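Notes for the one structure printed next.
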Amino acid sequence: MRRPRGEPGPRAPRPTEGATCAGPGESWSPSPNSMLRVLLSAQTSPARLSGLLLIPPVQPCCLGPSKWADRPLGGGPSAGPVQGLQRLLEQAKSPGELLRWLGQNPTKVRAHHYSVALRRLGQLLGSRPRPPPVEQATLQDLSQLIIRNCPSFDIHTIHVCLHLAVLLGFPSDGPLVCALEQERRLRLPPKPPPPLQPLLREARPEELTPHVMVLLAQHLARHRLREPQLLEAIAHFLVVQETQLSSKVVQKLVLPFGRLNYLPLEQQFMPCLERILAREAGVAPLATVNILMSLCQLRCLPFRALHFVFSPGFINYISGTPHALIVRRYLSLLDTAVELELPGYRGPRLPRRQQVPIFPQPLITDRARCKYSHKDIVAEGLRQLLGEEKYRQDLTVPPGYCTDFLLCVGSSGAVLPVRTQDPFLPYPPRSCLQGQAASSPTTRDPAQRVVLVLRERWHFCRDGRVLLGSRALRERHLGLMGYQLLPLPFEELESQRGLPQLKSYLRQKLQALGLRWGPEGG
């Protein structure tokens with residue numbers, strides 16, 4: 001069984017906005033905004049993103065071109081051959097070519113050329129979704145060149161090379177970083193040890209702009225990165241900047257929390273969102289509903305905001321807007337959440353005439369990854385095991401949830417032909433206890449509805465352990481409506497070798513629920 005390929009990587013890094021390089025004799029420190037943009041655009045690991053927000057960077061550095069880029073950073077006028085070598089380094093097509101230009105031109109190499117080479121190496125490694133592998137010998141040779149010549153570097157070049165080496169992933173205890181760090185210490189006067197302070201120091205989240213924090217939130221949501229440190233930083237930023245943020249920005253900042261099924265520890269997170277919704281609900285209707293959708297996935301719906309979006313005035317207002325259909329779909333899902341999860345709610349509800357199916361077809365991600373899905377082979381296994389008449393595939397049940405596979409099961413545990421049964425449980429659910437069998441109107445036989453739920457690899461956060469918010473919401477609601485869920489995790493499906501082994505796996509799963517089929521099972 002084939003595994004899904006990796007998701008497309010981010011685009012090539014662009015020149016950093018707001019990153020300015022100081023001229024000779026001037027002090028310079030990197031802008032937190034520009035650093036975060038560089039890291040987000042270069043497929044940076046979550047650990048290094050966390051480091052940007054939680055640990056001060058390694059002294060000043062230069063991350064982009066500037067008016068001083070053509071001058072040797074060690075001082076002195078620049079010569080033609082020196083500029084020509086810099087252009088060759090900036091246009092190198094591979095790490096090996098970088099090394100060749102440095103090694104073949106010893107008389108033309110200046111100190112600043114090594115920082116240019118490191119910067120170009122970072123661009124080469126981040127320019128493609130899957131950069132070509134770099135031989136360790138190439139990196140070691142480049143490291144040795146820099147180590148051999150770093151005693152002649154000025155302090156600024158040492159800072160630049162040191163920071164770029166850290167960003168490129170050279171080990172902090174490796175020879176290159178250690179040599180540069182030693183040269184840095186030799187050039188600096190001794191300083192008293194700094195007082196102990198919280199980790200959130202130089203690049204605190206509130207020092208970043210809303211635009212950059214939105215980029216971070218989108219990066220986490222797009223790549224399913226459930227990173228608590230980064231999510232907590234976004235929550236802290238939202239609380240600190242509450243009065244400065246519009247609901248259109250807030251909806252983007254809140255998106256990863258619902259998608260990644262992560263409720264932050266920040267105590268003011270929910271009170272802050274409630275105040276923002278109360279202030280801006282009438283200004284941006286779509287943003288308001290998007291925020292509530294994220295909170296719905298977290299099971300944190302504020303009653304006051306629900307009163308507003310279910311009010312006749314709000315519903316009439318959105319009916320004449322271009323995004324009326326999508327808002328009605330979201331309101332239908334919110335109404336379902338109120339019905340199933342908020343028994344204490346006594347406010348207005350969405351009128352029946354305004355309700356639409358929530359998810360009338362498989363989700364976009366499932367359609368895009370259908371060739372990597374296990375659905376086809378599971379369907380064939382069920383067909384050979386049960387027969388075509390005893391299951392339904394991709395059936396949408398009220399109020400609009402698409403099920404992977406649905407079985408009707410009699411009180412004795414026999415799997416019944418679906419055509420003789422009403423496959424749908426009543427919605428809204430009857431007042432009977434959750435999990436109690438519903439009566440089938442065709443046979444009057446107390447019947448269960450069993451839903452086989454495929455849990456594919458992309459249904460989880462990147463750690464593979466926590467379901468995405470939309471998936472967890474669907475399973476939670478189907479269970480509250482009375483459907484019995486039988487999850488089929490991707491780890492178990494991927495371990496089955498061939499159809500016979502998969503049929504044996506499905507047989508064990510169904511028998512564990514007490515299900516029977518065939519001549520003895522009806």
Side-chain angles (χ1 to χ4, degrees), residues 15-16 18-35 38-39 48 51-52 55-79 81-83 85-86 89-90 98-99 101-102 105-123 139 141-195 197 201-203:
T16 56
T20 58
C21 296
E26 299 177 2
S27 61
W28 185 88
S29 61
S31 159
N33 291 335
S34 64
M35 290 174 62
V38 169
L39 294 174
R48 286 162 71 189
L52 174 65
I55 302 174
V58 185
Q59 292 299 322
C61 72
C62 177
L63 293 178
S66 75
K67 62 182 180 179
W68 301 100
D70 294 332
R71 294 187 59 178
L73 298 182
S78 59
V82 174
Q83 289 180 329
L85 177 58
Q86 177 164 330
L89 293 171
E90 291 173 343
L98 278 173
L99 186 63
W101 290 130
L102 289 173
N105 299 272
T107 60
K108 300 175 185 176
V109 177
R110 301 293 183 268
H112 75 285
H113 286 142
Y114 295 101
S115 60
V116 172
L118 286 175
R119 185 169 63 237
R120 181 57 182 161
L121 178 61
Q123 293 171 349
L139 294 179
D141 290 344
L142 180 59
S143 299
Q144 289 303 318
L145 272 176
I146 298 174
I147 292 171
R148 208 162 43 235
N149 291 278
C150 68
S152 65
F153 293 179
D154 60 18
I155 185 62
H156 186 81
T157 305
I158 290 174
H159 284 157
V160 173
C161 290
L162 183 57
H163 194 77
L164 288 175
V166 172
L167 290 183
L168 286 171
F170 283 89
S172 59
D173 56 351
L176 175 60
V177 175
C178 289
L180 290 169
E181 182 63 32
Q182 182 179 359
E183 290 295 331
R184 185 187 71 87
R185 287 196 297 266
L186 290 175
R187 286 162 170 75
L188 294 178
K191 294 182 179 179
Q197 295 178 355
R201 288 181 289 180
E202 197 255 34

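Sequential numbering from 1 along the given sequence is applied to the chain's residues. The structure presented is a predicted model; accordingly, all values stated were derived computationally and were not measured.
In this structure, the separation between CG on Leu180 and OG1 on Thr157 is 10.5 Å, given to the nearest 0.5 Å. Taking CD of Glu181 as the reference point, atom CG of Leu186 lies at 10.0 Å (rounded to 0.5 Å). Atom CG in Leu145 sits 11.5 Å away from atom SG in Cys150 (nearest 0.5 Å). In this structure, OG on Ser115 lies 13.5 Å from CZ on Arg110, to the nearest 0.5 angstrom.
Shortest non-hydrogen contact noted between Leu176 and Ala165 is CD2-CB, 4.0 Å. Closest non-hydrogen pair, Cys161 versus Phe153, comes out as SG-CE1, 4.1 Å.
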Under the side chain to side chain contact (heavy atoms under 4.5 Å, CB included) criterion, do Arg184 and Ile158 qualify, and how do the steps go?
-> CA-CA 6 Å; Arg184 185 187 71 87; Ile158 290 174; 3.9 Å; yes

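For the pair Asn149/Val109, no side-chain contact is recorded, criterion being any heavy-atom separation below 4.5 Å from C-beta on. The side-chain heavy atoms of Arg119 and Val116, taken from C-beta on, include a pair separated by under 4.5 Å.
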